There are 2 protein chains.
Amino acid sequence: MEISFSDIKRKFQECGLKTTPQRTAIYDALLRSTAHPTAEDLFVKVAPQFPMMSLNTVYYTLGVLRTSGLIHEVNIGHTRARFDANLTPHHHLICLGCQTIVDVMDPRLNRLTSPFGIPKDFEITGHQVVFRGLCGSCRRHTGRSINHSSSG
Amino acid sequence: MEISFSDIKRKFQECGLKTTPQRTAIYDALLRSTAHPTAEDLFVKVAPQFPMMSLNTVYYTLGVLRTSGLIHEVNIGHTRARFDANLTPHHHLICLGCQTIVDVMDPRLNRLTSPFGIPKDFEITGHQVVFRGLCGSCRRHTGRSINHSSSG
DNA sequence: TGCTAAATAGGAATAGTTCCTAAACAGGAA
DNA sequence: TTCCTGTTTAGGAACTATTCCTATTTAGCA
Ligand SMILES: [Mn+2]
Ligand SMILES: [Mn+2]
Ligand SMILES: [Zn+2]
Ligand SMILES: [Zn+2]
């Protein structure tokens, strides 16, 4: 999973994107993360290298990368968008206590049988399984009382 | 699926909630809908009966109903929260063109095998399958060009 | 019929994101 | 190498969905 600068540069070129230091740093930070960071998470991570950088640039960059298909936006809960540079088909598990999102790479989930009872002219292009639960530290801290109200 | 006023009143009482006209109208509107409306959708639907009603009341009411377990919040995409009074375990199919959400009631999806590769101290309490695609009208209108960027 | 905690309405505040615009810059052309 | 142009960046303002605050009203109970 090691990605070099030239790998990133080539990917940008393939997508017709200019290779700027900010863009490279943002994409690189996302590639190295498995935490599904928010735009602000990424901003905090790369801002030290670019004291002038604006959060706006992070949003713009993530939009460009998403449109180019280099990253995915993972929306679980409606509060903040989270991003993922892992393009391998996979699923997610979210802790309802701390919102941590971990990857679920089990390939058996990639081929669910086509569901019945849906409108016949609806074309299904994909699916995503979102598991909900409590991570170990949240189980210990919150005494396992969680609200199940929100589902991804 | 027909629900009477007294059914609603009883449910509110079981939850220790006062039966107000606004609350009844909001819950009733949600019960009658299969569209997974937003708070504003519900406001538009019930506001004519209550010219003084504020959108705030809709948010407050939905929060109370959710905390009481009478409704679910369905978060697909991070833009707006959508609500569902259908408490039967089920899944969803969203049109990436028009954001329409339809129910997927296939019970085979309710019992997925427990995925491997997740942290051993993570307790899974549930899951939700979100299918993505294009509804018939969006297929016709947009020439099937959609962005797959956002996943639930 | 009154009391009181809950609910409502309205306005202000907040958070996340997008829009607008001028300046800077990457990468191709000359 | 230098120049040019469209892209990218930074900064600020705007926008949207939601929450917070608070005074008034009201449902349900004594
Ligand atoms: Mn992921
Ligand atoms: Mn539903
Ligand atoms: Zn947790
Ligand atoms: Zn559609």
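Owing to the predicted nature of the structure, the values given are computational and were not obtained by experimental measurement. Letters A, B, ... are given to chains in the order of the sequence lines, protein chains preceding strands, and every chain is numbered from 1.
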(request) Determine the contact category for B:Thr38: base if any of its heavy atoms lies under 4.0 Å from a base atom, sugar-phosphate if only primed atoms, P, OP1 or OP2 are that close, otherwise nothing. (result)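 No contact.
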
(request) Would you mind classifying the nucleic acid contact of A:Thr57 as base, sugar-phosphate or nothing, using non-hydrogen atoms under 4.0 angstrom? (result) base

(message) If you define the side chain from C-beta out and look only at heavy atoms, does anything of A:Val102 sit under 4.5 Å from A:Cys135?
(response) no

(request) Only counting residues at least two apart or in another chain, list the ones meeting side chain to side chain donor-acceptor pair (under 3.5 Å) with B:Asp84. (result) B:His36, B:His90, B:His92

Send over the distance from [X] [atom1] to [N] [atom2], rounded to a whole Å.
X	N	atom1	atom2	value
B:Met53	D:dT25	CE	P	17 Å
B:Met52	D:dT26	CE	P	12 Å
A:Gln13	D:dT8	CD	P	13 Å
A:Tyr60	D:dA10	OH	P	12 Å
A:Leu62	D:dT8	CG	C1'	14 Å
A:Phe50	D:dA10	CZ	P	8 Å
B:Leu42	D:dA17	CG	C1'	15 Å

(message) Between A:Arg132 and A:Cys95 (side chain of the first, backbone of the second, donor and acceptor by atom type, cut-off under 3.5 Å), is there such a pair?
(response)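 Here the side-chain-to-backbone pair does not exist.
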
(request) Provide the start and end nucleotides, 5' to 3', of the part of DNA chain C that has atoms under 4.0 Å from heavy atoms of chain B. (result)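 Contacts span C:dA5 to C:dT17, reading 5' to 3'.
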
Counting just side-chain N and O atoms, does [X] come under 4.0 Å of either OP1 or OP2 of [N]?
X	N	result
B:Tyr59	D:dT19	no
A:Thr61	D:dT9	yes
A:Arg23	D:dT9	yes
A:Gln22	D:dA10	yes

(request) Name the residue closer to the 5' end of DNA chain D, choosing between B:Leu17 and B:Arg80 according to the nucleotide with the nearest heavy atom. (result) B:Arg80

(request) Verify the distance criterion only: is there a donor paired with an acceptor across the side chains of B:His91 and B:Asn110 at less than 3.5 Å? (result)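 Side chains of B:His91 and B:Asn110: pair found under 3.5 Å.
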
(request) In sequence, state the C-alpha distance, the side-chain angles, and the governing distance for B:Asp7 and B:Lys11, and then conclude on salt bridge (charged side-chain N to carboxylate O under 4.0 Å, His left out). (result) CA-CA 6 Å; B:Asp7 289 331; B:Lys11 286 198 190 188; over 6 Å; no

(request) Would you mind telling me which residue lines up with the more 5' stretch of DNA chain C, A:Arg82 or B:Thr20, judged by nearest nucleotide? (result) B:Thr20

(request) Go through the steps for A:Ile26 and A:Met53 under the test side chain to side chain contact (heavy atoms under 4.5 Å, CB included), then give the verdict. (result) CA-CA 11 Å; A:Ile26 291 166; A:Met53 178 184 264; 3.9 Å; yes

(request) Might you confirm whether atom CZ of A:Arg111 has over 12 heavy atoms from other residues, nucleotides or ligands at distances under 6.0 Å? (result)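 Counting neighbours around CZ of A:Arg111, 12 or fewer heavy atoms of other residues, nucleotides or ligands fall under 6.0 Å, so no.
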
(message) The side chain of B:Lys18 is closest to which nucleotide in this list: D:dA27, D:dA10, D:dA17?
(response)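 Of the options given, the side chain of B:Lys18 lies nearest D:dA27.
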
